[in-house]
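Working notes, beginning with the structure itself.
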Amino acid sequence: MAKLHHLGFPRIGSKRQLKFALEKFWSGSLSQAELQQTASKLRLDNWSSQQALGFDFHTVGDFSLYDQVLDSSVLLGNLPKRALQSDNQLDNYFRVARGRSQKKSCCASVHAHNNKNDGETDAGEMTKWFNTNYHYIVPEFDQQTTFNLNSENLLAQIKELQGINNNVKPVIIGPVTYLWLGKEKDQSNKLALLPALLVTYQKLLHELRENGIEWVQIDEPILTLEIDKSWQDAISLTYKTLAQLDIKLLLTTYFGELKDNLNLACQLPVAGLHIDAINAKHEVAQVLALLGEDKVLSLGVINGCNIWKTDLNASLRWLTPIHEQLQDRLWLAPSSSLLHVPVDLNNEQTLDSEVKNWLAFAIQKLDELSLLGHALNTNIESVFEQLTENKLAIESRKNSARIHNPTVKKAVANITPHLGKRQQHFNLRKTRQKTHLNLPAFPTTTIGSFPQTNEIRATRKAKRLGEINAHQYQQEMQKSIKYCIEEQHNIGLDVLVHGEAERNDMVEYFGELLEGFVFTQFAWVQSYGSRCVKPPILFGDVSRPDAMTVAWAKYAQSLTDKKVKGMLTGPVTILNWSFVRDDQPLKTTCNQIALAIREEVLDLEKAGIDIIQIDEAALREKLPLHRSKWNEYLAWAIEAFRISANGVADKTQIHTHMCYSEFNDIIEAIASMDADVITIETSRSDMQLLEVFEAFNYPNAIGPGVYDIHSPNTPNVQQMVSLMHKAAQHIPSEHLWINPDCGLKTRQWHEVKPALINMVKAAKQLRAS
Ligand code: GLN
Ligand code: ZN
C-alpha cells in the first residue's frame, strides 16, 4: 500500500482570512486572542478539508502567522536581540517580521519592509525562498548566537491536530538548511554553530517522541543547490547525530534535482527520503537503485508550484512498477509544500469554464493525490470514472483551439538573431539620439508611474463595474495624464511620462489586453507575511489584438514639447509574474510575449514616441537554482528582451528598468540587453552596486536611482549630488541620468513634488560643476 501525505498546505485561507486578521491585529482593532482564534480556525478548516482524503499522515507545523523560517528562529530561540523588547513573544515576533508589532499601520511593499520607524526596531531582512515568489525572514547569526529550544507553539499545534487525527507528522526545517538560509552579522562562521544547533534539534526530536510522534518531516531543500563539501559534510554529520534518536525522519528535498548531492542524500541514515518527482523525475531510477532496502521513498508526483491538473493516467503508468517494487515503502505527496499555489479552485465563479477544467489548486491537488492512492492501493476500476474525467480534461487542454494560434507559432519559428539586434552600435546610436532628442547633460526622468490617487482608483473601479462608459473613462484618464504632464513641467523634468494612471498592476494591465491570459477572483498566493499576489494565468499562445498603450502615450506627447517616454512591461517580467503554461518550453512562451511587446514598441515609435522604456523588474526572479543553468536561462531571457526592444530605428532611445541592486553576478547579461539607458535601484545600497563597474566597463547609459521612493522622506539635494559624484567615478558622466529608484505610484503628490524638485536641483548643480 502506497502511503499518502503532503509537505505543507497554504495558510492564508481561501479568502485571505489570515491577511485580514493580521492587518486588523496590527492596526489595533483585533486582540491577540482573536488573532489566535482565527489562526486556530484556519488550521482546523485545513485539517478537516483534508480529513476525507484518507491520508496516512497528517501534517502539522506548516501553519505560520508570518513566515515558517521566522517560526524556526523562534523554535530554536534565535530571534535577534534587538527585537526582544517585551515579555510578549508575539510582539517580539512581529517586531522581527515587520519592524513593529501592534497599532502602527503596516508598509505595503517588499522594499518598504525594511524602513525604520521611530522608536521601533529594524525588521529582519527578507529574501526570496529558493526559486519561488515567497519571501522569508533571514535568520541572523553572530558570535553571541546561542540556541534554546522553545517548542511551546509547535507542541500546542500538535496537540490540536492529535485531537482529531492519529499519525500526526510535524514538519520542521532541517538544521543545515536553517543555517544556510541565515546571515552572519559579524565575522562569525555560521557552520561553526552546527554542533550547538544539533543539541537543540536533539532536544526537539526527543520532545516530539515524548509527545507520541513517530515520523518527522525534516526539510533540507538545500540538497537541490550546489553546495560545497563543507555543507555536504554538515549534512552527513547532522543526520548521523540525529539518527541516534528513537524517531523516524523523512528527509525532504524539493524544487529541483539532487545532482551532485544524490549519493549523499541516498546514503544518509534517515528512515525516509522525499524527492521532487516533477523536477527530478529522471533521478528517481538512480535513487531507487541507491536507496537502502529499509528506507521509505516519498515521491513528489503532483506539482506543488503550478496550477495545472496532473495527467493522472500518465502518473499511474509511471508509478505502477515503482509501487510493485516498493509496496508500503512508497509514499506519495505533492512535489513541495502547496504554499505556492492558491487554495481552492471552487471559489472561482467567473473563470472561463474551459480553462477552469484544466486547473487544480491546493485542495484539488490533494484530491488528485488521493485518487492516485486509490488507483494504486485498491483497484483502478474503483476510480475509473474520475480517471476518465482527468483524461478528458488533459486532452481538452492539449487540443484546444484557445491554446494554439498557428500565426503565433509561425512567428516564433521565424525568429532570427537579426530580430534582436539594433542597426548600429550604441556609440553611433548615442550621437544620433543626442541630436534627435536634444537633452541636457545629466537628464532627469522618472520610472513611469505617478501617485495613484483615490480618484484614479475610483475611476478604474467605476469602469470595471460598468458605471462609466469607455468615453467617460478615457476622459477621466486624460485628465490625470494632463495633470501629470503639467506637474512634471512645473517640476522641470527633462523626459516626461504619462503616469500609468490606467494601470492597476504592471503585469495585469498587459495580460488583460493580450490574448492567452485569464484572471481569477481568489487565486491568491502568499508573497510574504500578510502580502499576497494574484498572478494572471498564462494558458495559451500570446498575441496582441490591438495597441495597448499607444493612445495614452500619444495623448501625453500631444500636451508637451518635451519628450514623453513610452512605458511597457518586458516579456520576462510578464512571464515571471504569471502562472505559466507547462506544455511548452518557457523560452517559447517568452518569445511569444516578446513578439507582442515588439509590435507595441514599433507602434509607439510610429506614433512619434522617441523614447520607450521596457521594464524588466523581475528578470532575476527565475534564475535557476543551479548556477550551471544560469547561462541557459539568461540567454533566452535576454534574447526575448532584445526581440521586444531592438526593432526600432537608431534615433529611438530604449530604456529599461530593474528594481534591485544585485547586479554583480549577471552584469554581462544585462549589458548584452543593449538598452540605451538602464535605470536601477541604488539609493539604499549607497551606490555599493557601482562597485561592479570597477571590474566591468558598463558600455551604455545608466540612471542609478538617487531618490528612495520607498521612504516618505524628501531626499536632500547634496546627498543626491554626492551619490552622483560617486557614480561618476565609475561611469562616464555623459552616460549618467538622474532618476528615482522605482515608480512613484505608492507615494502621494505632496511627497513626490518636493522630492523631484530637489532631484532637478541636484541635476542643475551637477551640470554647473
Ligand atoms: N514603470 C513601473 C512603475 O513606475 C515600474 C515598476 C517597477 O519597477 N516595479 O511603476
Ligand atoms: Zn522598480
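When a ligand or atom number is given, it counts from 1 through the structure's own listing order.
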message: What I want to check is whether the side chains of Lys565 and Gln613 have a donor and an acceptor closer together than 3.5 Å.
response: yes

- line: Nearest heavy-atom contact between Lys482 and Leu559 is CA-CD1, 3.7 Å

statement: closest protein heavy atom to atom 5 (C) of ligand 1 is Asp615 OD2, 3.4 Å

Ile447 N/O to ligand 1 N/O under 3.5 Å: yes

message: Under a 3.5 Å cutoff, is there a donor and acceptor pairing between the side chains of Glu616 and Thr656?
response: no

- prompt: Which residue and non-hydrogen atom of the protein lie closest to atom 6 (C) of ligand 1, and at what distance in Å?
  reply: Met506 SD, 3.5 Å

Of His735, His655, Gln653, Arg429, the residue whose pairing with Asp676 passes side chain to side chain donor-acceptor pair (under 3.5 Å): Arg429

query: Considering only heavy atoms of Cys659, which atoms of ligand 1 have at least one such atom less than 4.0 Å away?
result: 7 (C), 8 (O), 9 (N)

- prompt: What atoms of ligand 1 come within less than 4.0 Å of a heavy atom belonging to Cys742?
  reply: 7 (C), 8 (O), 9 (N)

Under 3.5 Å donor-acceptor, Glu605 side chain and Asp610 backbone: no

query: For ligand 1, which atoms sit closer than 4.0 Å to a heavy atom of Gly448?
result: 4 (O)

task: Under 4.0 Å from a heavy atom of Glu500: give me the atoms of ligand 1 that qualify, with their elements.
output: 1 (N), 2 (C), 3 (C), 4 (O), 10 (O)

statement: ligand 1 to Met567, heavy atom cutoff 4.0 Å, flagged ligand atoms 1 (N)

- request: Mark up the atoms of ligand 1 that fall under 4.0 Å of a heavy atom belonging to Gly743, in ascending order.
  value: 3 (C), 4 (O), 10 (O)

field: Residue, atom name and distance, where the atom is the protein heavy atom closest to atom 10 (O) of ligand 1
entry: Ser449 OG, 2.7 Å

- request: Report yes or no: do Asp67 and Tyr134 form a side-chain donor-acceptor pair below 3.5 Å?
  value: yes

- prompt: Taking the six-membered ring for Trp, are Phe510 and Trp577 ring centroids under 6.0 Å apart?
  reply: no

- request: Compute the centroid of each ring, for Trp737 and then for Phe442, and state whether the two points are separated by less than 6.0 Å.
  value: no

- prompt: Which of the atoms in ligand 1, numbered in the order shown and given with their element, are less than 4.0 Å from a heavy-atom of His657?
  reply: 8 (O)

